[in-house]
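The structure appears right after this line, and notes come after that.
Bear in mind the structure is a predicted one, so any value in this text is a computation, not a measurement.
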2 protein chains.
Amino acid sequence: MAHSHEAHHHERPRDLTRNQELVLTTLNNAEAPLSAYDILDKLRDDGLRAPLQVYRALEKLIEHGLAHRLESLNAFVCCADANCHGRASGTAAFAICSGCGRVDEFADPEVTARLAAWAGETGFALERTTIELRGRCAECRKAA
Amino acid sequence: MAHSHEAHHHERPRDLTRNQELVLTTLNNAEAPLSAYDILDKLRDDGLRAPLQVYRALEKLIEHGLAHRLESLNAFVCCADANCHGRASGTAAFAICSGCGRVDEFADPEVTARLAAWAGETGFALERTTIELRGRCAECRKAA
DNA sequence: TCGATAGCGTAATGTCATAACATATCGCCT
DNA sequence: AGGCGATATGTTATGACATTACGCTATCGA
Ligand SMILES: [Zn+2]
Ligand SMILES: [Zn+2]
Ligand SMILES: [Zn+2]
Ligand SMILES: [Zn+2]
């Protein structure tokens, strides 16, 4: 572990390609999750033309932990949890507001532990976990 | 609350229409989740012709707690947890095997409680929760 | 210099889901 | 019986999301 061989289990983030950079920036600038086609539309002026260009970039960003896919929305957000990349915080959970569309990423170690425990007892080899909460955020409730 | 006004918060399950019955039976007979189009194909001989007929039936079945949508799969399963309909067990979680495709429905009250607690602290009005685990089931691991 | 790996561009296609409109059926009140 | 609202249905067309297939290019180390 002595010489510079990269962090051992998680790519260093910053060797993004042009398309990946464009997509990540678009996600970063967005207030709410974007679908792949939303992203594509925003990047037409930068030369992107086909959905696949976006999907390929997203795939890498997600691999690197820089973005997440929201399954219940068929849309994508950039990662908001500094610890998430280093996976110190366990499985990420997402609270999605049906009012403003904003997404709050958080992690609860106890939840992670309980699900891992269930997997352990059951013999289920856990690879990936999706936790998505739908509802209305505090701000939208006040604005009601 | 004295006279017969139905159970107060959860419909009695058995007043399904023909289409709902057909779809539910199809899901019950399936070993793995089915997409709406899978269901449609299986029900062509029974007179179903359009996706919407299936989606409408699914919508009601899900409302009644007789079926669930798996967001990470865009597919549907029938509910496997007797308690689920009576909502005694809290939020349902699903373990989806990438080997055999089978789905295991379970509920962990502690997980439910932790997510509810997060929502409480944050002021998030929780309406619906999705928890989906991807991996390989014990049987598929043995068969490896 | 060669081959392997990764990324890129494009077209076509596949899969999932809903809008819009027209009918039909049932419970209920008059 | 007649009228009404609520719910379910059937059908067509369309929209939204995602992948397959193919060929080209850049990079890097043997
Ligand atoms: Zn994250
Ligand atoms: Zn909100
Ligand atoms: Zn259930
Ligand atoms: Zn399996």
What contact category does A:Leu52 fall into here, base, sugar-phosphate, or nothing, at under 4.0 angstrom with non-hydrogen atoms? base
For the pair A:Leu24 and A:Cys78, evaluate side chain to side chain contact (heavy atoms under 4.5 Å, CB included) and give the outcome as yes or no after the intermediate values. CA-CA 7 Å; A:Leu24 182 56; A:Cys78 61; 4.2 Å; yes
Rounded to the Å, how far apart are A:Gln20 CD and C:dG7 C1'? 8 Å
Tell me whether B:Tyr37 is stacked on the nucleobase of C:dT15, counting only the six-membered base ring and applying the 5.5 Å and 30° thresholds. no
Is it the case that more than 12 heavy atoms not belonging to B:Glu139 sit under 6.0 Å from its CD atom? no
Can you tell me which nucleotide in C:dG7, D:dT11, C:dT10 comes closest to the side chain of A:Ala50? C:dT10
Give the rounded distance in Å between these two atoms: CG of A:Leu40 and P of D:dC17. 12 Å
Mind checking A:Ala36 for me? I need base, sugar-phosphate or nothing, with any heavy atom below 4.0 Å counting as a touch. nothing
Tell me whether the side-chain N/O atoms of B:Arg49 come closer than 4.0 Å to OP1 or OP2 in D:dT11. yes
Side chains of B:Glu132 and B:Ser72: do they bring a donor and an acceptor to under 3.5 Å? yes
Interatomic distance where CG belongs to A:Leu58 and C1' belongs to C:dG7 [whole Å]: 15 Å
Looking at B:Ser35, does any N or O in its side chain come under 4.0 Å of the phosphate oxygens OP1/OP2 on C:dC16? yes
When the nearest nucleotide of DNA chain D is assigned to A:Phe76 and to B:Leu48 on a heavy-atom basis, which residue is associated with the more 5' position? B:Leu48
Round to the nearest Å and state the distance from A:Asp15 atom CG to D:dT27 atom P. 14 Å
Side-chain N or O of B:Asn74 closer than 4.0 Å to phosphate OP1/OP2 of C:dA17: yes
Find the distance A:Glu59:CD to D:dA18:C1' and express it as a whole number of Å. 12 Å
Return the value, rounded to whole Å, for the distance between atom CD of B:Gln53 and atom P of C:dA20. 19 Å
Closer than 4.0 Å, any side-chain N/O of B:Thr17 to the OP1 or OP2 of D:dT9? yes
Measure the acute angle between the ring planes of B:Tyr55 and B:Tyr37, then classify it against the limits of 30° and 60° as parallel, tilted or perpendicular. perpendicular
Would you tell me whether B:Asn28 and B:Thr25 have side-chain atoms, one donor and one acceptor, within less than 3.5 Å of each other? no
Separation of D:dC17 atom C1' from A:Ile39 atom CD1, nearest Å, is 12 Å
For B:Arg69 and B:Arg56, find the nucleotide of DNA chain C closest to each by heavy atoms; which residue's nucleotide sits nearer the 5' end? B:Arg69
Using atom OH of B:Tyr55 as one end and atom C1' of C:dA20 as the other, report the distance to the nearest whole Å. 18 Å
